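Reviewing the structure listed below.
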Amino acid sequence: AQKITQTQPGMFVQEKEAVTLDCTYDTSDQSYGLFWYKQPSSGEMIFLIYQGSYDEQNATEGRYSLNFQKARKSANLVISASQLGDSAMYFCAMREGHTNAGKSTFGDGTTLTVKP
Amino acid sequence: GAVVSQHPSWVICKSGTSVKIECRSLDFQATTMFWYRQFPKQSLMLMATSNEGSKATYEQGVEKDKFLINHASLTLSTLTVTSAHPEDSSFYICSAPDRGRTDTQYFGPGTRLTVL
């Protein structure tokens with residue numbers, strides 16, 4: 001069974017600084033996808049970044065980067081130059097396989113608060 | 001980016017009534033859609049996988065007779081909560097992966113159901 005662990009229930013960061021949100025995963029599959037999502041207080045899930053298990057380079061999307069360490073089964077999200085609008089809940093998720101029909105398992109989430 | 005809509009965004013109903021929630025992919029086709037349930041300050045729990053043209057696949061512990069899913073077309077899936085009770089009150093979210101892509105998932109804005 002797949003499992004996602006996010007060990008930081010809450011994190012604080014000063015505006016304009018970088019922050020790392022931790023995510024470890026457990027799977028026996030060779031093919032999988034890792035996702036990070038942002039959920040503001042409105043409730044909508046916003047896709048941030050994706051890393052495939054066979055991708056050798058770390059994914060980047062603007063201010064977001066994913067620090068993928070396959071041997072350690074970790075997929076940490078790095079947010080650079082934090083903004084007040086980054087305050088939200090962040091979820092790490094793992095999808096089975098490399099097709100978009102695979103089921104996803106979510107971590108418990110990390111609440112990020114950006115301080116002015 | 002691609003858009004997934006959900007309707008209604010919120011609903012309040014009396015115990016014993018049925019409620020239908022629609023999930024639509026607005027500018028892409030989705031042969032698969034996923035339905036999640038989220039309690040306050042908790043993670044997303046996958047309820048079922050909706051498949052166009054075939055029966056939905058339910059996760060263990062989810063009552064298929066209570067949560068009816070119909071994937072009527074390549075752009076529409078519906079979740080009907082039958083004979084709703086207060087314990088069914090929750091935030092319901094659908095996601096629809098674009099069948100042309102594997103590196104992202106699009107979520108609807110969610111439906112907040114309150115059963116009195």
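Per chain, numbering begins at 1; letters A, B, ... match sequence-line order. Note: hydrogens, waters and symmetry copies are ignored here, and every other heavy atom, side chains too, is used. Please read all numbers here as calculations on a predicted model, not as lab measurements.
Open room surrounds NZ on B:Lys64; 12 or fewer heavy atoms of other groups in view lie less than 6.0 Å from it. The environment of CD in B:Glu87 is crowded: more than 12 heavy-atom neighbours from other residues, nucleotides or ligands sit within 6.0 Å. A 6.0 Å sphere centred on CZ of A:Phe12 holds no more than 12 heavy atoms belonging to other residues, nucleotides or ligands. Heavy-atom contacts from other residues, nucleotides or ligands closer than 6.0 Å to NZ of B:Lys20 number 12 or fewer. Taking a 6.0 Å sphere around NZ of B:Lys66, one finds it holds more than 12 heavy atoms contributed by other residues, nucleotides or ligands. Within 6.0 Å of NE2 on B:His7 lie no more than 12 heavy atoms contributed by other residues, nucleotides or ligands.
Using a 4.5 Å cut-off between heavy atoms, B:Ser43 touches chain A through backbone and side chain atoms alike. The part of B:Ile93 that comes within reach of chain A is its side chain, from C-beta onward, which places non-hydrogen atoms under 4.5 angstrom from that chain. Within the 4.5 angstrom heavy-atom criterion, only backbone atoms of B:Gln42 (N, CA, C, O) approach chain A. Only the side chain of A:Gln39 comes within contact range of chain B, with at least one heavy atom under 4.5 Å from a heavy atom of that chain.
In terms of hydrophobic clustering, with Ile, Leu, Val, Met, Phe, Trp and Tyr side chains grouped at heavy-atom distances under 4.5 Å, A:Leu84 and A:Leu48 are assigned to a common cluster. Follow the hydrophobic side-chain contacts under 4.5 Å out from B:Leu113 and you never reach B:Leu68; the two are in separate clusters. Both A:Leu77 and A:Val13 are assigned to one and the same hydrophobic cluster, defined by single-linkage of ILVMFWY side chains at heavy-atom distances under 4.5 Å. A single hydrophobic cluster is not seen to contain both A:Tyr37 and A:Tyr25; linkage of ILVMFWY side chains at heavy-atom distances under 4.5 Å, directly or through other members, places them apart. A:Tyr50 and A:Leu21 fall into different hydrophobic clusters, where Ile, Leu, Val, Met, Phe, Trp and Tyr are joined by side-chain heavy atoms under 4.5 Å apart, directly or via other members.
Comparing A:Gly102, A:Ala93, A:Pro9, A:Gly33 by heavy-atom pairs within less than 4.5 Å of chain B, the highest count is held by A:Gly102.
Interatomic distance, OH of B:Tyr106 versus CE of A:Met45, reported as 15.0 Å (0.5 Å rounding). To the nearest 0.5 angstrom, B:Ser95 atom OG is 9.5 Å from A:Phe35 atom CZ. To the nearest 0.5 Å, atoms CE (A:Met89) and CD (B:Gln38) are separated by 7.0 Å. Atoms CZ and CZ, on B:Phe107 and A:Phe47 in that order, are 10.5 Å from each other to the nearest 0.5 Å.
Within residues 45-60 of chain B, the residues that have a heavy atom under 4.5 Å from a heavy atom of chain A are B:Leu46, B:Thr49, B:Glu59, listed by number.
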(request) Take A:Ser104 and B:Gln105 through the test side chain to side chain contact (heavy atoms under 4.5 Å, CB included) and record every step on the way to the result. (result) CA-CA 10 Å; A:Ser104 292; B:Gln105 292 252 0; 4.2 Å; yes

